[in-house]
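Residue numbers count from 1 along this sequence.
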Amino acid sequence: MGRNTRRRPTGARRATSAAFALILGGGGLVGINVYASASETGATDANVLSAGSATIDCPDVGEQLKTVPDAAKEGVDKELADLDQQIAEAYRQLQAKADQMQQNGDSGADAIMNPLKEKRSESIGRIVAAIDAAGDPPSGLDGFAACTLRPSGNQPGTGADTGQSAAPQDQNSASPSAGAPQNQGGQQGGAAPAGNGPVAADYADIKSVQPNVANPQPQADASQGEFVSSCGVNANGLFNSDNVIVAPGVTNGAHHFHDYIGNQSNTAFASDDDLVKADTSCQDKGDKSSYYWPVVRLQNGTQERDAGSPGGGTEGNAGKIVTPKQVTLTFVGNPRSKVTEMPRLLRIITGDAKAFVNGPANANASWSCTGFEDRQLKDKYPLCPQGSDVVRTFKFQSCWDGANIDSANHRTHVAFADAQGNCPGAFKAIPQLVQRIVYDIDAPSLQDGGRTSPLFAVDSFPENLHKPVTDHGDFINVFDEGTMKNVVDCINSGKKCGAGAGDGGGQQEDPPATDEPSQSAEPNPSEAAPNPSEPDPNPSEEPAENPSEAAPNPSEADPNPSEEPAENPSEEPAPTADDPSDGKGEQGSGDNGGGQAEEPTEEAPATEPAGDDAPPATVEPKSDVTTPGDDQGAEVGTPAQTEPPAGSYPPATSGIEPQAVGTGGLAETGANLWPGVIGGIFVLSGIFVLYRIRRTYA
């Protein structure tokens, strides 16, 4: 027998081999951990920094200013407007450098966010100094300088990012082959920037929403009359991107375009005297009030006159501006008391133009469809069935502090009544303005990104991505004293009055514009919504007219557009305090803009409820969806819980928070996979070495 010459290992050699094996295995575990971390956090960061997947969230400094001395007001207003300009510029950089930032990670983001913080710190310092020089300086504003990147929910590659969808077309075309002018210039031709929105998730089928409008029960001393002012639909095209309420003297203070009706001299530079002496588009010349709101656009690549201008195309507000089909301005009373006169030049802003990044506390958006107005959407645009029009409703604050026509944050001088109609504290009930704006817009074709039927959206601050929750309205009371007294007397006596009470609620032609309509002054980006601490009465009280009848699938083309739709032809809701139409020509009609009331059907007879005590029409819901009662303007509708029928549009979904950022595509996954692969090889190598040691030295 031969002698075994294999040397027995020493303790040192065994220790060395074991250490080598542990190093291999440990290195593998580290590699796998790196991969797991990248999958959980790194990939998310990369997606957040990619085009269309991030927006900039900055604390709203204007919201924190409760009092500003008159001597400091001009300087403070300009600094607040500058803060919004800084955010808009940073957002443009974010969009332009998204690919570079995705590669550089945090360092790429810092290159945008750190300079933004420095600029904001300087502006905030000047605000504090200006107020300090005239009174007591505000405290705690230093912490409002830093901003964050947050997911937008508009991530590319998911079918949601429709801002740059191919083959946009004119609103009158049924398909790209119908001779529609194509946008050959890409984003520079008027289409919204990539990732700027709107997206498919911003829309919901109105038939998937349960009735959610609740009306307070009127008490013995209620003021149940209505006064309707008829001021046109802005057919003369009076637009600008100013807001004299929150950014006086600052051009393009809103960074988005507004429609204007009523007062024809509203720009950022208009003085109170200018507003009082201005022309008006209202039939009643005693009403020179200014009514304005963000325009609605079709995302079809059309180049409007602002396509290359601030407030327009350069800030993501692109496409064809849609003129309303009908605008109804109704002043209603209070369910518990008589109302008092509004002070002249009172300013009110309802809704929050920054609600997507600020949160819903001050949001007061309310979207619906004719025939379904007992169902209101807060954070979705409605997908209306064939024959039904898009409706946006604003119910303004109806309580006044009795002393001020404005406040530092443009909201604390007015408030909403509670769910029963009570005003807070010493506030007085005033006539409540209810704006109802109707648009003849077809439901967009979400399945092809709006190519067949274009998406629609309101203009917005660029970083708020055209989200429907950002909708808002502005009002300046320029009624003369005699007319305002008539308004109050009419409402308190339970009558229905006003120049618009019998002609269709504002469908007459607007007068020729006296000024160049493209004049631009910036509405303040902080266009504040109602006081978040006060409940908001429901933004709309119109009951639906027989929405229980089967409506054709909105995704199907109408085979014969000239024929009446299969559903109930009378889609307008029964008249209420919010919709002054009674179907008989007595007050503003819900006639789809045609000037004639529609015939009621047996299934949904037209009624004439008196004021706010009118209960909504009984409706058979189209699904098992439940939505809570809507007793506050900041309330966000509960999502539909059932799947829509095949081929139909999405149901309502919950909340206003952006959708979770999805994982990357296959290429991105492969790029991030290598640490895990190498780590796995190391682990296997370590196990193999340990196995060999055992076999060799056993």
Side-chain angles (χ1 to χ4, degrees), residues 202-206 208-216 259 291 293-294 296 324 326-330 332 348-353 355-356 360-384 388-398 416-417 419 432-439 441 456-458 460 466-475 527-530 532 534-544 547 572-573 576-579 590 612 616 627-639 652-656:
D202 293 330
Y203 300 83
D205 185 352
I206 193 63
S208 72
V209 181
Q210 284 276 11
N212 57 9
V213 173
N215 301 321
D259 269 313
Y291 310 86
W293 53 81
V296 168
Q326 178 185 2
V327 177
T328 306
L329 307 171
T330 307
V332 301
I348 308 180
I349 300 172
T350 192
D352 186 356
F356 180 61
N362 296 312
N364 194 23
S366 200
W367 294 88
S368 190
C369 304
T370 55
F372 298 86
E373 291 179 62
D374 62 340
R375 314 172 186 203
Q376 295 291 324
L377 291 164
K378 303 297 184 183
D379 64 337
K380 304 290 178 188
Y381 296 115
L383 295 166
C384 301
S388 177
D389 293 324
V390 172
V391 182
R392 62 199 289 211
T393 304
F394 299 114
K395 294 190 74 173
F396 283 71
Q397 294 89 319
S398 59
F416 283 102
Q432 181 179 39
L433 170 60
V434 179
Q435 288 181 180
R436 179 175 177 271
I437 310 170
V438 181
Y439 297 89
I441 299 176
F456 66 90
V458 294
S460 74
H466 306 283
K467 298 299 182 183
V469 74
T470 65
D471 203 13
H472 57 281
D474 301 72
F475 168 69
E527 296 179 294
E534 300 299 335
D536 179 6
N538 194 288
S540 176
E541 298 175 358
E542 294 94 351
E572 285 293 321
T576 67
D578 291 349
D579 180 6
D612 284 339
T627 305
D630 182 17
D631 60 356
Q632 292 188 359
E635 185 81 21
V636 176
T638 298
T653 56
S654 64
I656 66 165

Rounded to the nearest 0.5 angstrom, the CD1-CG distance for Ile441 and Asp389 is 8.5 Å
Under 4.5 Å between any side-chain heavy atoms of Thr370 and Arg436, yes or no?
yes
Applying the side chain to side chain contact (heavy atoms under 4.5 Å, CB included) test to Phe396, which of Asn364, Ile349, Asp474, Thr350 qualifies?
Thr350
Mind listing the closest non-hydrogen atom pair of His466 and Ser460 along with its distance?
N-OG, 2.9 Å
Set of side-chain hydrogen bond (donor to acceptor under 3.5 Å, both in side chains) partners for Trp367, sequence neighbours left out
none
Are Leu433 and Tyr291 close enough that some pair of their side-chain heavy atoms sits under 4.5 Å apart?
yes
Quick one: closest heavy-atom pair of Asp352 and His472, and the distance?
N-CB, 4.1 Å
Going by side-chain hydrogen bond (donor to acceptor under 3.5 Å, both in side chains), name the residues that satisfy it together with Asp202, two or more places apart in sequence or in a different chain.
Lys467
Taking atom NZ of Lys380 and atom CD1 of Ile206, what is their separation to the nearest 0.5 Å?
12.5 Å
Please examine the side chains of Pro294 and Arg392, heavy atoms only from C-beta on, and report whether any two atoms are closer than 4.5 Å.
yes
Please assess Val390 against Tyr381 for the test side chain to side chain contact (heavy atoms under 4.5 Å, CB included), listing each intermediate value before the final yes or no.
CA-CA 9 Å; Val390 172; Tyr381 296 115; over 6 Å; no
Rounded to the nearest 0.5 Å, what's the gap from NZ on Lys395 to CD on Gln435? Could you check?
13.0 Å
To the nearest 0.5 Å, how far apart are CZ in Phe394 and CD1 in Ile437?
5.0 Å
Output for pair (Glu373 CD, Ser368 OG), nearest 0.5 Å, gives 5.5 Å
Do Val458 and Trp293 come close enough that some side-chain heavy atom pair is under 4.5 Å?
no
Nearest 0.5 Å, please: how far is CG in Leu383 from SG in Cys369?
7.5 Å
